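Reviewing the structure listed below.
Everything numeric here is computed off the predicted structure, so don't read it as measured data. In what follows, chains are A, B, ... by sequence order, proteins preceding strands, each numbered from 1.
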There are 2 protein chains.
Amino acid sequence: MAATIIDVAREAGVSISTVSYALSGKRPVSDRTRRRIEAAILELGYRPNAGARALAGRRTYVFAVTEPLRPDTYTPTHMAFVLATAKAARQYDYDVLLLTQEEANGGLQRVTGSRIVDGVIVLDVLDHDERITLLRTLDIPAVVVGVPADPAGLVCVDLDFAAVAQLAVDRLVDGGHRRLGLLGHPAAAYERGQNFPVRFREAFVSCAQSRGVSAQVATPERTIADARSAMAELFDGPDPVTGLVMHCEDSIQMRALDELRARGLDIPGDVSVISAASTFDTTTFTPALDVIPLVPDQSCSRAVELLVEQLEGPIEPRVELLPPEYIERGSASAVLA
Amino acid sequence: MAATIIDVAREAGVSISTVSYALSGKRPVSDRTRRRIEAAILELGYRPNAGARALAGRRTYVFAVTEPLRPDTYTPTHMAFVLATAKAARQYDYDVLLLTQEEANGGLQRVTGSRIVDGVIVLDVLDHDERITLLRTLDIPAVVVGVPADPAGLVCVDLDFAAVAQLAVDRLVDGGHRRLGLLGHPAAAYERGQNFPVRFREAFVSCAQSRGVSAQVATPERTIADARSAMAELFDGPDPVTGLVMHCEDSIQMRALDELRARGLDIPGDVSVISAASTFDTTTFTPALDVIPLVPDQSCSRAVELLVEQLEGPIEPRVELLPPEYIERGSASAVLA
DNA sequence: CTGAAAGCGCTTACAG
DNA sequence: CTGAAAGCGCTTACAG
């Protein structure tokens with residue numbers, strides 16, 4: 001059988017409370033005692049029993065992360081957020097329990113009701129997300145990565161997608177471009193109100209409008225044929241786009257570059273291209289692309305920070321938007337004409 | 001505060017042991033009593049406290065799944081296994097804790113040592129995997145999806161990759177093809193000894209050999225340029241391949257089909273193509289491809305089954321290989337010459 | 001078919 | 001700086 005705190009106490013010649021306090025640091029312990037306890041722990045290979053700890057201490061050191069991973073969604077980006085959350089959680093000694101689509105709501109009820117977890121991180125939130133509706137009734141610390149339509153009472157963290165769109169549009173318009181195009185996510189993402197595609201598209205369109213330039217949006221499925229016809233839409237009409245913003249998965253972006261090549265269009269000579277809110281590396285593309293990156297580690301470590309804060313008691317609801325950064329790679333410049 | 005078993009017992013007018021037994025079914029309970037208990041549970045919104053349950057019952061109802069999700073690995077396929085595991089686990093009332101690369105070994109020690117989990121599912125195993133080495137010392141139920149170089153003492157489940165290769169090679173050779181090609185994973189996968197690419201490639205080569213036909217292997221990185229040159233390798237030499245087996249991610253397979261198109265090669269007129277051990281849908285390709293699918297649900301639900309069995313006590317170590325199935329779509333036929 | 005009670009392995013006031 | 005002990009909320013022999 002595994003060693004218990006009693007074994008450690010005996011081995012170290014102290015009481016179990018002293019062992020517990022030495023471990024938690026919640027009470028001063030003399031150096032000499034601490035060393036003996038540490039030696040005993042090493043000697044016995046002791047690890048505190050999680051169940052007992054949870055029961056007595058009312059802390060499980062597990063967070064739930066709910067990420068639907070819908071079948072038509074781009075897995076690598078979404079998983080990058082899950083991994084970033086796991087990594088950030090470990091900084092606070094927390095593990096993560098993964099709740100997926102099948103059991104989004106049932107799972108939330110189960111793990112919070114039975115106190116398997118101390119808090120919840122909500123990923124890939126929809127404008128109107130039933131997980132949020134449920135969460136409001138649940139009385140458990142939670143942080144939303146993303147911003148639902150009604151964020152009242154919630155703690156939300158996200159990249160400032162409106163600022164991303166603004167940056168991209170300004171860059172292009174300042175460069176002299178008057179006809180902008182957005183290569184976006186599949187239509188289904190917008191229809192279901194998936195948070196970041198929607199917010200980005202809206203900001204893109206309204207920024208273009210307020211700068212007085214045209215904005216065309218194409219939303220291809222993830223098939224070759226669709227990527228092609230989306231590019232045809234943007235580039236083969238009477239008023240072809242000269243400033244392209246891509247907010248879609250990497251394979252589509254690579255396709256799009258193929259298509260520009262096939263048309264003999266030079267970047268940035270004929271067309272300026274910006275990759276917006278991308279989680280992947282755009283330097284491996286040909287050519288390397290200017291990018292306004294979406295950094296999962298950033299959003300998630302802040303989210304975990306805010307979740308940990310809530311362990312001590314409720315905090316002020318808020319929407320925290322992280323400022324974007326424009327990274328120059330030479331794919332967007334002034335219109336040369 | 002949340003309701004406890006004491007509240008339920010009081011509300012139902014029975015003892016707490018009766019409530020517990022009604023919940024677990026480990027002792028008969030009269031219908032009348034059961035109904036009153038169920039009513040009380042509903043009334044109070046009772047959910048058993050996981051920590052207390054784990055402490056008293058020595059069962060946490062959580063499995064760990066360790067999936068490194070290496071950065072250069074194809075996320076969708078790997079996540080499909082994680083999701084399939086989570087889904088299968090839920091059939092037995094289990095949740096899953098996700099352990100990723102950062103914390104593969106430390107995480108395993110932690111969650112098993114502190115009894116956060118009742119068992120471990122090991123995903124994406126390498127030929128020589130330090131997780132396996134660790135696991136052998138750990139005394140916790142475990143099932144490996146995949147087969148390491150030395151499976152002694154382990155319970156392993158996997159698709160029979162050798163049989164997949166056999167099926168593919170036989171199909172092509174029976175169709176008259178004498179020059180086979182394999183479009184495989186990136187070289188790094190083989191170098192690190194990633195299980196299924198290695199096993200597949202070896203079987204492919206040896207099956208071809210024993211059928212007396214040539215076998216060429218290309219292992220492109222996931223870039224356009226590399227996919228192109230890999231296809232050039234296979235199809236632009238003096239003895240171009242006529243039977244192509246693809247064991248790589250979907251975007252590369254799509255690229256490969258592009259490349260065949262670009263060469264004016266007809267499928268299956270000029271080249272027969274089989275997609276091997278693919279987790280994605282090959283009917284959306286142009287043309288739809290014959291496929292010998294790798295079905296995560298299959299491997300994972302069997303793995304979970306075997307893990308649950310071990311909860312009752314040790315079981316015989318074994319390597320269970322699941323038989324593959326050939327699905328015809330018309331992309332592989334006899335050489336028309 | 002049901003109940004009273006010990007015990008799982010911790011944390012944390014309470015006491016000194 | 002340290003200890004003795006109550007108590008967290010369950011499960012499961014033990015008893016009837």
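If you check dA4(C) for Watson-Crick or wobble pairing at under 3.5 angstrom, you find it has no partner at all. Base pairing analysis places dA13(C) opposite nothing; no Watson-Crick or G-U wobble pair with both distances below 3.5 Å involves it.
For the residue pair Ser299(A) and Val157(A), the shortest heavy atom distance occurs at O-CG1, 3.8 Å.
Here the rule is side chain to side chain donor-acceptor pair (under 3.5 Å) with Arg199(A), and of Asp127(A), Asp158(A), Asp160(A) only Asp158(A) fits it.
By the 30° and 60° cut-offs, the orientation of the rings of Phe63(A) relative to Tyr94(A) is parallel.
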Contact state string [nucleotides 9-16 of chain C, B base, S sugar-phosphate only, - no protein heavy atom under 4.0 Å]
BBBBBB--

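Between Asp95(B) and Val111(A) there is a side-chain heavy-atom pair separated by less than 4.5 Å.
Within 6.0 Å of the CD atom in Glu130(A), the count of heavy atoms belonging to other residues, nucleotides or ligands does not exceed 12.
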